[in-house]
Structures are given as C-alpha cells and as structure tokens.
Amino acid sequence: RWQKIFMIPLWSKMAVFWNKMFLTIIVLLIVLFLDAVREVRKYSAVHVNEKVASINTNAFDHIQMKLFRSQRNLYLSGFSLFLWLVLRRTVTLLTQLAKGMASHAALETQVNDATEAAKKYMAENERLQE
C-alpha cells in the first residue's frame with residue numbers, strides 16, 4: 001500500500017525540490033556555525049582591564065553578555081547542523097532499507113515461482129517416466 005502511495009509522480013517532483021532545500025539549509029547552518037565560531041573567538045579575546053572596568057562598570061558585563069550570546073548561537077547552530085546531518089543519514093538508510101526489502105520480496109517471489117515450476121516439471125517428468 002505504501003509503495004503505491006510513494007510511487008505517485010508528484011513525490012518524485014517534490015523530492016528534487018526538497019533535495020535542493022536540504023542543501024540550502026545545510027549551507028545556511030554551516031554559515032551560521034562559522035559566524036558563531038568567529039563571534040566566540042572575537043569576544044573571548046577581548047579582555048577588559050581594571051582601569052576600563054572601573055571607569056565603565058557596564059563594559060565587562062556587556063562583553064560577557066555578548067560572549068554568552070555568541071556561545072549560545074554556536075551551540076545551537078552546531079547541534080542543529082549535527083542533528084540535520086543525522087536526520088538526513090537516517091532517511092537515506094531507511095530509503096535504502098525499503099528498496100532492499102522490496103527487491104528481497106521480489107526475489108523471494110521469483111524463487112518461490114521457480115521452485116514451484118521445478119517441482120511441477122519434476123512431477124510431470126516422473127509421471128511420464130512411469
């Protein structure tokens with residue numbers, strides 16, 4: 001039943017579109033990840049010395065806030081990228097498994113038909129020999 005549903009031509013047209021969307025999303029996640037890495041490096045390297053901290057008390061807190069946000073973005077984009085790749089691999093493996101199961105079922109049917117035909121021919125051959 002599912003094979004009939006997924007063999008509709010509309011799905012193959014949508015698959016091309018979704019493959020392009022997948023690549024677009026992967027590129028976007030990679031860009032966001034690299035931007036987050038750059039931001040983390042930028043704000044990790046900034047050190048507020050004692051004089052600046054005493055003059056502007058909010059400077060240290062502001063830098064720490066920006067560092068926290070950049071680290072948060074790094075973790076979110078990195079984990080999203082990882083999960084997206086895992087999801088894609090899972091879908092690929094499930095597709096391959098479904099194709100393998102379908103071909104296995106077809107081969108099993110073919111083997112059963114060949115076995116039945118061989119048994120029929122052997123029975124006919126024995127009957128003719130008698």
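- Between the side chain of N19 and the backbone N or O of A15, at least one donor-acceptor pair lies under 3.5 Å.
- Within a 6.0 Å sphere centred on CZ of F22, other residues, nucleotides and ligands contribute more than 12 heavy atoms.
- Two residues are said to be in side-chain contact when any heavy atoms from C-beta on lie closer than 4.5 Å; K13 and F17 fail this criterion.
- A heavy-atom distance below 4.5 Å is found between the side chains of Q96 and L93.
- Shown here for S77 and A36, the closest heavy-atom pair between the two residues is OG-CB, 4.1 Å.
- Atom CE of residue M65 and atom CZ of residue R69 lie 4.0 Å apart, to the nearest 0.5 angstrom.
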I'd like to know whether V111 forms a side-chain contact (heavy atoms from CB on, under 4.5 Å) with E108, so could you lay out the CA-CA distance, the side-chain angles of the two residues, the decisive distance to 0.1 Å, and finally the verdict.
CA-CA 5 Å; V111 166; E108 189 174 335; 5.7 Å; no

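- Listed here is the closest heavy atom pair of I26 and W84: CD1-CD1, 2.9 Å.
- Rounded to the nearest 0.5 angstrom, L94 CG and R89 CZ are separated by 10.5 Å.
- For the atom pair W18 CH2 and I25 CD1, the distance stands at 7.0 Å (nearest 0.5 Å).
- Tracing side-chain contacts under 4.5 Å through hydrophobic residues (I, L, V, M, F, W, Y), one never reaches F33 starting from F79; they form parts of separate clusters.
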Candidate pair E130 and R127, rule salt bridge (Lys or Arg N to Asp or Glu O under 4.0 Å), full reasoning
CA-CA 5 Å; E130 290 175 359; R127 187 177 51 93; over 6 Å; no

Check against side-chain contact (heavy atoms from CB on, under 4.5 Å), D35 and R38
CA-CA 5 Å; D35 181 55; R38 183 186 60 85; 2.7 Å; yes

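- Interatomic distance, CG of L74 versus CG of L32, reported as 11.0 Å (0.5 Å rounding).
- Residues L83 and M21 fall into different hydrophobic clusters, defined by Ile, Leu, Val, Met, Phe, Trp and Tyr side chains chained together at heavy-atom separations under 4.5 Å.
- Atoms OG1 and CG, on T90 and L97 in that order, are 12.0 Å from each other to the nearest 0.5 Å.
- The distance from the CE atom of M122 to the CD atom of Q129 is 10.0 Å, given to the nearest 0.5 Å.
- Of the charged side-chain nitrogens involved, none lies within less than 4.0 Å of a carboxylate oxygen, so that K119 and E116 do not count as a salt-bridged pair.
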